[in-house]
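The next block holds one structure in the form of structure tokens; read it before the comments.
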There are 2 protein chains.
Amino acid sequence: MGAQKDTRTRIQEVALQLFTEKGYEATSLREIAEILGVTKAALYYHFRTKEDIVASLTEDRIAALDELIAWAARQPRGPETRREILRRYAADMTGPRHHAVMRFMERNQTALRGHSKVEVIRERSTELLRVLGEPGDTLTTSLKRAMAVFTLHMAWFVAPDTEATDEERVAAALAVAEELIEG
Amino acid sequence: MGAQKDTRTRIQEVALQLFTEKGYEATSLREIAEILGVTKAALYYHFRTKEDIVASLTEDRIAALDELIAWAARQPRGPETRREILRRYAADMTGPRHHAVMRFMERNQTALRGHSKVEVIRERSTELLRVLGEPGDTLTTSLKRAMAVFTLHMAWFVAPDTEATDEERVAAALAVAEELIEG
DNA sequence: GTCTATATGGGGATAGAC
DNA sequence: GTCTATCCCCATATAGAC
């Protein structure tokens, strides 16, 4: 809410970057503090624990997932609804911090075991797959549905040397995802 | 080579399990030693460092990838070769320890940054995607190719409550992967 | 091949001054 | 809101006896 970027936000940004690049456990609070030009103790003013930093990063992700799931639950199940779920999910991922947070969690799956907020995201992701599926689905169909969602996460990490805008990547991912969700 | 399971092998097994379940950094050598009923120092007789345990786990994975890539390089590029690459990759993944090692690496991506053998696997995986592609591929096509390979990794983690044998999972994954590779 | 004992270092976290 | 100083714990790793 402050006029310029406050320290709390800068901590989140640096932490997210280091957690993603070097790993959650491998990143020490000292390191984060050094980059920001403050001391460890200063971090503890803004966040009570290292886990709290992670929790703060996940909050708007959880809210977005909850909203999408709630919307989906109100729709009739069917191909068109499935496609629209993917579109909304993709649109949501396009936000700047959003897919960065998902990437961070993907790359640190084990290290984040037991973090309560991370478990919530995992649970919501499972729920999202559930609303994308139907009772009689075969294993192959379930796999396709899961891969459709996953494709939307992967758009940024494939062909990294390719020149492509975010929009082009989302469009490509959505095309592949929609093809997978047809089955 | 010993008659019964030697300590070295048992260390590898326990380490792989804990690294996968709890995370690489979160798993201490003390913990591994305790489970095996030996001391930390005993581990250091078999492996010079913690990294060495990881390196030992990756070795046959690297060999398998090298062999597949070499085979692929000798074939004419085309749809049939691409399908056969997927089939061979899938068959290889079916081995007991194999996909466990890949899962371990997937779940600990960031923690394993800089481990030399792990970087080799990363490099070989990129190379595998390269032989699966062709010069003029669009972003969408590249994405589909990458997702095809990735699907073969994911077969075990989708619909975990579903009763399915390894063979059924591989078959389903291969079906999805082959569909993706057509494009 | 495994042990005890220890070196060495860094981690997260806290107290209390400014 | 940030600092200095410090606590406590556990990590990897090593030395040397058995």
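Chain identifiers are assigned alphabetically (A, B, ...) following the order of the sequence lines, protein sequences preceding nucleic acid strands; residue numbering begins at 1 within each chain.
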Can you sort out the partners of A:Phe47 under ring pair (Phe, Tyr, Trp, His ring centres under 6.0 Å), two or more places apart, ordered by chain and number?
none
Sequence neighbours excluded, the answer for side-chain contact (heavy atoms from CB on, under 4.5 Å) partners of A:Val38 is A:Ala33, A:Leu36, A:Ala42, A:Leu43
Any side-chain N or O of A:Thr39 less than 4.0 Å from the OP1 or OP2 oxygen of D:dT2?
no
What are the residues of residues 10-28 of chain A, sorted by number, that bring a heavy atom to within less than 4.0 Å of DNA chain C?
A:Thr27, A:Ser28
Kindly write out the residues that satisfy salt bridge (Lys or Arg N to Asp or Glu O under 4.0 Å) with A:Arg122, not counting sequence neighbours, or none if the list is empty.
A:Glu119
Quickly work out the B:Leu43 CG to D:dT12 C1' distance and round it to whole Å.
11 Å
Report yes if a side-chain nitrogen or oxygen of B:Thr7 is closer than 4.0 Å to either non-bridging phosphate oxygen (OP1 or OP2) of C:dG1; otherwise report no.
no
Please name all residues satisfying side-chain hydrogen bond (donor to acceptor under 3.5 Å, both in side chains) with B:Asp166, sequence neighbours left out, ordered by chain then number.
B:Trp156
Take the protein atom CG of B:Leu36 and the nucleotide atom P of C:dG1, then report the distance between them rounded to whole Å.
15 Å
Anything under 3.5 Å between a donor and an acceptor, one on a side chain of residues 10-17 of chain A, the other on a protein residue two or more places apart or in another chain? List them.
unit_1  : atom_1 : unit_2  : atom_2 : d
A:Gln12 : NE2    : A:Ser56 : OG     : 2.9
A:Gln17 : NE2    : A:Glu21 : OE2    : 3.4

Which atom pairs, one a donor and one an acceptor, fall under 3.5 Å between side chains of residues 67-75 of chain A and the rest of the protein, sequence neighbours left out?
unit_1  : atom_1 : unit_2  : atom_2 : d
A:Gln75 : NE2    : A:Trp71 : O      : 3.2

Ring pair (Phe, Tyr, Trp, His ring centres under 6.0 Å) against A:His115, all qualifying residues, sequence neighbours excluded:
A:Tyr24
Tabulate atom names and distances for all N/O pairs under 3.5 angstrom spanning the protein and nucleotides 13-17 of chain C.
unit_1 : atom_1 : unit_2  : atom_2 : d
C:dA13 : OP2    : A:Tyr44 : OH     : 2.9
C:dA13 : OP2    : A:Lys50 : N      : 3.0
C:dA13 : O5'    : A:Tyr44 : OH     : 3.3
C:dA13 : N6     : A:Lys40 : NZ     : 3.1

For C:dG10, take OP1 and OP2 only and decide whether either is under 4.0 Å from a side-chain N or O of A:Arg30.
no
Which residues pass the side-chain contact (heavy atoms from CB on, under 4.5 Å) test with B:Ser28, sequence neighbours left out?
B:Arg30, B:Glu31
With a 4.0 Å cut-off on N to O distance, would you call A:Lys117 and A:Glu59 a salt bridge?
yes
Judged by modelled atom types alone, do B:Arg61 and B:His98 share a side-chain donor-acceptor pair under 3.5 Å?
yes
Sorted by number, residues from residues 107-120 of chain A placing a heavy atom under 4.0 Å from DNA chain C are none
Mind checking side-chain hydrogen bond (donor to acceptor under 3.5 Å, both in side chains) for A:Ser125 and listing every partner two or more places apart, or none if nothing turns up?
none
On the nucleotide D:dG1, are OP1 or OP2 found under 4.0 Å from the side-chain N or O atoms that A:Tyr45 carries?
yes
